[in-house]
Amino acid sequence: MTINWTEIESKWRERWSKNKDFETDPNEKEKKFITVAYPYPNSPQHIGHGRTYTLADVHARFYRMRGFNVLFPMAFHYTGTPILGMAKRVESNDAEIINNLKNLYHVPENTIKEFIEPVKIADYFHEEIKTGMIEMGYSIDWRREFTTIDPVYSKFIEWQINTLQKKNLIIQGSHPVGWCPKDQNPVSQHDTLGDVEPDFTEYILIKFQFEEHVIPTATLRPETIFGVVNLWVNPEIVYKKISVDGEKWIVSSECAYKLEFLDKKISYEGEIRGSDLIGKSVKVPNSDKIIMILPANFVESETGTGMVMSVPAHAPFDYQALIDLRKSDLSYDLVSKIKEIQPISIIETKGFGDNPAKEIVERFGISNQTDPKLEEATKEVYGKEFYEGKLKENTKQFAGIKVSFAKDRIKDWLIEKNYGSILLELTNTPVKCRCGEECVVKVLNNQWFLNYKDKDWKDKAIQCFSLMNILPHEIRSEFTYVIGWLRERACARQHGLGTKLPWDKNWIVESLSDSVIYMAYYTISKFVNDKRLVAENLGDEFFDYIFLGKGDIFEISKLTKISHDLINEIKHEFEYFYPVDSRHSGRDLVPNHLTFFVLNHVAIFPENNWPREIVVNGSVLMNGSKMSKSMGNIIPLRKAIEDYGADPIRLAIIISAELLQDADFNMDSVSGLRVKLETLLEDCSKSKVEKIEYLESEDRWIKSKAQSLVVQITHAIEKMRLREALHDILYSFDSDLSWYLKRANSKNRKNIFGILHEINSIRVAMLSPFAPHIAEEMWEKLGNTKMISKSGWPDLSEKIDSRAILSEELLKIIIDDVANILKVTKITPQKITIYTASSFKSKTYHFILGKIIGGQTNMGLIMKDLISNPELQAIKKNPDFVQKTIKDILSDPPEIRKFKTESKEFNEKQFLFDELLDIGKKEFEVPISIYSENDTDIYDPKGKARNARPFKPAILIE
RNA sequence: GCGGGAGUCGCCCAGCCUGGCCAAAGGCGUAGGGCUUAGGACCCUAUCUCUUAGGAGUUCGUGGGUUCGAAUCCCACCUCCCGCACCA
C-alpha cells in the first residue's frame, strides 16, 4: 500500500490547529511545563536541530496523553552577534555568504537584498524555522511565541538584570578579548576570516635591568628565572625603545604594538639594533647576578617581546644555542666568556638528571638550533617537568613545590615585586577580521560581569542541582564540575541586537545572559500577543509582583495602568505553570546555557520555583560524520519532511541513538521506518472491534505481553529512554504478534480480530507521541472518532496472567528443543513423543525454587535440605536432576521465577495435550503424543522419560 | 593536564545503572530460498567454533579481584572521542 504522507500529515496538523489542541491555559488539572532552548534564527533548521525539539515534543505529547495539562511553548532568540556579522557580509557582497543563502538555504534573491538589515535575517529564518516546526508536528502553543527584541521582553530583561544588580551579583572589571583595531570592536569566531576563534595565551614578562632600560623577556615558565644564565636577542631585529607606564623598555616593534592594547600607556622614544646589544650585561631581578646578552636566530620579533631568557638546563633551544655559539665566529673574548657559562639546574624530575635539556637534545640527535625537532624536544621536557617536576633548593622560598603549582605563585610574586608583568598574545596568528585587519588581544577595563564565582551563589546552584532530575544521569557530574570552575562571565557587549543595560546604555545585555530565565516570560507573552499587555508603563515593580509576589497590587495597577483582574490573571498564569518541569537542550549547552539557567533561577526565584529537570541530548551525525556546510551533508529539515514525511524522520532521529549518544542519521533508516509505519497502518485498517466470548491460552498470553510492554514502555519514556521505548513499540510487539498469529493459525481460528484490534490500539496509542500524524490516521482506521493525541495513555494497572506467560513459554521451549534436535541430528521425524515430569519432581522443583528465591544457591546445601524432608528425600537417587534444576531456575529472570511460584498447580501434561498438538503438527508435520513420566501406559522405548524436568519435558523423536 | 564519555560476535549499535532470561536484541552486510519477465522492494532461513539429542567450548579493550555465577560490580592499565569560556 502506498500512502500519501503529505496529505495525511497536513490533514491532522490542520485538525490539531483548528481544535487548538495544544493551546494550554491554567485549569484544574496537574500541569507540566516543558521547554526547549529557543533557536537562533540565522539559518534554516536541519535534521540536527530537529533532535532536541523532537525529543521534547515526544515528552510533551506523552505527558499530555497521561492526563497532564502540558505547556510546550516556543520563542526565537534574536539577540546575538552572528546575524550582525552576516548582515555585514551581505552588505559587502561577500560571495561565500551570498552563495550559501542562495544555493544552500534557497533564500529568494530579493529577500537576500534586504539582509543588510540584521532584523530581516532573523525575521526570515524565524518564519522558516517556525514553519518547519509546525510541519514536524510539534505540539507547541504558538499563542505564546515571542522574540528577544520585543519591547516587553526588553522590559523583562531589564528587570532580570536590575534584580541581579541589586543582589550585587554583577561586577565591573577588566577582561581580555579578541579585538579588531580598525572596527574598534571585539571579534569572535563569526567575525573573522575563515571563522577562526581568536585564541590567546598569557606570557609572563620578566624584567631584566639594562642600564636605565628594562629588557622584558616573555616566558610561559616563570619558575625558570632561577636558572637563567644569559639573554637572547636576534641581531637582525631593530628593537624599539618605549615608555610603558613611565618605565623605559626595550622590545620588538610588534611587541610594542601589542602592548598598546593591553591597558598600558605607551610612547615611542627611539630604536636600538639587536646587534648592538650583544655582549652587554643585564641584572637578574631579585638577585645580584649579572648575565650577558647573546645572539640567537631562533628569537622571533613577533613572539613575546623579541627577547628571550636563556635557561639551558631546562630549555633545549637555549642549550643548543649555547653549544652553537661556542663554535661561532664571534670575537675570541666573547667565545671564551660563553664557554664559561654553566647551565643551572633548578627542577628535579624523575627520569631526568641534572640537565634535562642536554639529555633530550642528545637523545633526539639535534645538531643545531634550526633543527625542527627542538620543538618536540621542548614539549617533552616541559610536559614532564610541569607535571612531575619539583623545584630544587636554589629556588629559595619556592623550593620543594611541584612545578605545576609553583608557576602561578611565582607569577604573582614577580608581579607583586615589579619583577614581572603580563603580556597577552594571540596563539593562532594571524587572525584576520572580516574587514581584513589583523586582530589583536585587547584588555577591556570597564566590562560588566555576572559574578558566577560567588561562593554563596554556587552553593545555591549546587543545592538546586541536587534536587533536580538530570537526564541522563551520566551528565550530572559534568554540571557539578562546570559549577566548580565557573568564574566571572561577561554579561554585556557593545554591539548586536538586544536589550541595553539599564544603568549604562553603551552596553547591550549579552545573549547568553538574556536567555536564562525567559521560560517565565512564556506565562506572560500570551497577554502581550493578545495586546492586553504593552511595554508602556511596565517597570520592575510589575515583574516583582508577578514573579516574586512583591509589592502592592493597588500601587502596581496605578503605575502600570493595568486592571487588578488582569494583573491577577497574569500572576495566576505564572504561579500555575512555574516552575519549569523539564528543560531540554543539546549537550553543547551544558557548560554554558544550562548551567546559567540554573544559576540565574536560584539567584532570582525562591526555591519553590527552581527548575525540576534537565534533559540533555547528543548531536546528530549524517551517515557517520559531522554535518557541515563544507561537507555538503546538511539536510534542511523542511526538505526532508517534503521527501519522506515528518513521522519517519521523527522516528529515525529517536531510534538512532540513546539520549546522550550522537545519533547517526541516515536516509535508509528513514525509508525503512516509513515502510514499517505503512505496514502498521495497513494492519490497523484490517482489524475491527469484535467481542470474544472465551479467551484461549494465546489470547491471554498476548494480552499479558502487551500489558507488560505498556509498563515497560511507560517507564522508559519517563526516563526519556525514547530509543528503547520506540524500539519496543515497533519491534517487540511484532515478535509477540508473530507468535500469536502462529498459534492462532495452527488452530485455524477466525475470531482473533477483536484481540488484534485491542493490541493494535494499545500499540498505536503508545506510538502517538513519536509519530503523531500517522498514529491519528491509524487510530481513525481502528474506528475511533476522538483523536488519539487527546485520548488516554494505555492503562498500566491491568493484571498480567502469569500462567498464560508460563504456558506459552513452555510451548516455545518444546518447539525450540525439537527444532534443535532435528538440526543437530539431521533426521527426518516420523513421530514425536513428549514426556512431562512427575508430580514428585514438580514438588521437588518448587522446593528448590523456594530455596533459590530465598537466596540459597548452593547445590550441596539444597541437597541436604531436600534429604531432611521425608517427602522429598527420594531425590537423592537423582542428584543430576537437582543440579540441572538449580541451573534452570538460575537462568530464569526473577519475573519468571515469581510467576512459577505463583502457579504451583500448573498441569503441564493437560496443557500440552490441549495446546501442543495443533501447533506441533503444523510445525513438524508429524503426530505428537504426550505422556507424564509416571503414566502406566507410557510409551518409552529409549528410556527418555526419566530426563523430564518441570518446564523442560523430555523428548523422543523417531 | 583537568573534567566527562566510550571500547561488545564482519560493520553500525543495544545490553552494564538493577550480576543469573546472554553466544548476547535490532539494523547493515553476506549466503540460500520465496515473490518477480528482470532489477528493486518485500518475506522466510542461516550467519563464533564443534556436535547424529535438546549439548559443549571459547568470546564483550587488557590484566587482576569480588561472587556459586561477571559483558554487567571493584582495582589497575591501554586506546579513542568530546568540553575547558565571553561564542550561539
Side-chain angles (χ1 to χ4, degrees), chain A residues 37 39-40 42 77 79-83 175-178 186-191 197-198 383 386-387 404 444 447 449-450 452 472-482 484-493 496 510-513 515 586-593 595 618-619 623-624 655-658 660-662 664 666 668-669 671-672 675 679 719 723-724 727-728 730-732 734-735 809 813-814 816-827 852 856-862 886-897 942 944 947 952-957:
Chain A
Y40 184 68
N42 70 335
H77 197 194
T79 329
T81 46
I83 286 178
H175 184 65
V177 292
V187 285
S188 62
Q189 194 174 350
H190 316 279
D191 308 308
E197 177 73 32
F386 185 79
Y387 297 113
S404 48
L444 296 176
Q447 174 66 276
F449 294 93
L450 281 166
Y452 287 142
H473 64 265
E474 298 99 283
I475 204 82
R476 181 183 283 278
S477 53
E478 212 158 315
F479 281 110
T480 314
Y481 179 71
V482 171
W485 62 249
L486 217 55
R487 306 202 299 266
E488 308 89 338
R489 179 160 189 120
C491 64
R493 64 153 151 257
E510 194 269 335
S511 50
L512 274 168
S513 304
S515 58
R587 96 172 284 180
D588 50 333
L589 300 188
V590 168
N592 42 66
H593 167 75
T595 307
S619 61
N623 294 318
I655 210 158
S656 62
E658 282 297 348
L660 204 56
Q661 224 87 70
D662 287 347
D664 188 6
N666 60 74
D668 290 345
S669 80
S671 337
V675 170
T679 315
K719 290 188 206 148
R723 180 199 148 102
E724 189 181 306
H727 196 274
D728 282 344
L730 292 180
Y731 302 110
S732 302
D734 265 358
S735 51
E809 287 308 312
I813 284 172
I814 294 172
D816 276 359
D817 281 351
V818 172
N820 221 333
I821 295 167
L822 291 177
K823 187 184 146 199
V824 174
T825 58
K826 299 186 182 75
I827 56 179
I852 289 177
Q856 178 57 268
T857 55
N858 184 294
M859 157 90 184
L861 294 173
I862 287 176
I886 293 173
K887 225 177 141 187
D888 285 347
I889 294 170
L890 281 176
S891 69
D892 282 333
E895 202 185 38
I896 292 284
R897 289 183 208 165
K942 292 245 174 94
K944 293 279 180 192
N947 294 326
K952 188 77 179 168
I955 297 165
L956 171 67
I957 302 176

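Just so we're on the same page: letters track the sequence lines, and every chain starts at 1.
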Figure out the [atom1]/[atom2] separation between [X] and [N], and round it to whole Å.
X: I475(A); N: rC82(B); atom1: CD1; atom2: C1'; value: 10 Å
X: Y481(A); N: rG83(B); atom1: OH; atom2: C1'; value: 9 Å
X: D734(A); N: rG27(B); atom1: CG; atom2: P; value: 10 Å
X: H727(A); N: rG26(B); atom1: NE2; atom2: P; value: 8 Å
X: N947(A); N: rA53(B); atom1: CG; atom2: P; value: 13 Å
X: R587(A); N: rG3(B); atom1: CZ; atom2: P; value: 16 Å
X: L450(A); N: rA85(B); atom1: CG; atom2: P; value: 18 Å
X: E488(A); N: rA85(B); atom1: CD; atom2: P; value: 14 Å

Give [X] one of three labels, base, sugar-phosphate or nothing, depending on what nucleic acid heavy atoms sit under 4.0 Å from its own.
X: I957(A); value: base
X: P39(A); value: nothing
X: N592(A); value: base
X: I896(A); value: nothing
X: I813(A); value: nothing
X: I886(A); value: nothing
X: R487(A); value: base
X: R476(A); value: nothing
X: A954(A); value: base
X: K942(A); value: nothing

Watson-Crick or G-U counterpart of [N], or none if no pair lies under 3.5 Å:
N: rA70(B); answer: none
N: rA38(B); answer: none
N: rC2(B); answer: rG83(B)
N: rC77(B); answer: rG61(B)
N: rG10(B); answer: rC28(B)

Closest listed nucleotide, where the reference is the side chain of [X] and the choices are [options]:
X: E478(A); options: rG55(B), rG4(B), rA88(B); result: rG4(B)
X: K952(A); options: rA85(B), rG54(B), rA53(B); result: rG54(B)
X: S511(A); options: rC68(B), rA88(B), rA53(B); result: rA88(B)
X: K944(A); options: rC42(B), rA53(B), rU18(B); result: rA53(B)
X: L486(A); options: rA85(B), rA53(B), rA88(B); result: rA85(B)

Using side-chain heavy atoms (C-beta onward) and a distance below 4.5 Å, is [X] in contact with [Y]?
X: L450(A); Y: S513(A); answer: yes
X: L890(A); Y: R897(A); answer: yes
X: N947(A); Y: I955(A); answer: no
X: R587(A); Y: S619(A); answer: no
X: T81(A); Y: R493(A); answer: yes
X: V818(A); Y: D816(A); answer: no
X: H77(A); Y: S511(A); answer: yes

On the nucleotide [N], are OP1 or OP2 found under 4.0 Å from the side-chain N or O atoms that [X] carries?
X: S891(A); N: rG20(B); answer: no
X: T81(A); N: rA88(B); answer: yes
X: R489(A); N: rC84(B); answer: no

| request: Mark yes or no for whether Y40(A), through its side chain, and I83(A), through its backbone, hold a donor-acceptor pair below 3.5 Å. | output: yes
| Heavy-atom pair with the smallest gap, counting every atom of C491(A) and F449(A) | SG-C, 4.0 Å
| Contacts of type side chain to side chain contact (heavy atoms under 4.5 Å, CB included), residue I813(A), not counting sequence neighbours | D817(A), K952(A)
| query | For E724(A), what residues pass the side chain to side chain contact (heavy atoms under 4.5 Å, CB included) criterion, not counting sequence neighbours? | reply | E658(A), A716(A), R721(A)
Spacing of the [atom1] atoms in [M] and [N] (rounded, Å):
N: rA71(B); M: rG20(B); atom1: P; value: 10 Å
N: rG61(B); M: rU72(B); atom1: C1'; value: 15 Å
N: rA88(B); M: rA70(B); atom1: C1'; value: 45 Å
N: rC13(B); M: rA6(B); atom1: C1'; value: 13 Å
N: rC48(B); M: rA41(B); atom1: P; value: 24 Å
N: rG4(B); M: rC77(B); atom1: P; value: 15 Å
N: rA46(B); M: rA23(B); atom1: C1'; value: 15 Å
N: rC44(B); M: rU59(B); atom1: C1'; value: 29 Å

| remark: Between K887(A) and F449(A), the residue closer to the 5' end of RNA chain B by nearest nucleotide is K887(A)
| request: For P591(A) and for Q447(A), locate the closest nucleotide of RNA chain B by heavy-atom distance; then report the residue assigned to the nucleotide nearer the 5' terminus. | output: P591(A)
| field | Donor-acceptor pair under 3.5 Å, N820(A) side chain vs rG54(B) base | value | no
Contacts under 3.5 Å, N or O only, protein and nucleotides 44-52 of chain B:
unit_1: rU52(B); atom_1: O4'; unit_2: V824(A); atom_2: O; d: 3.3

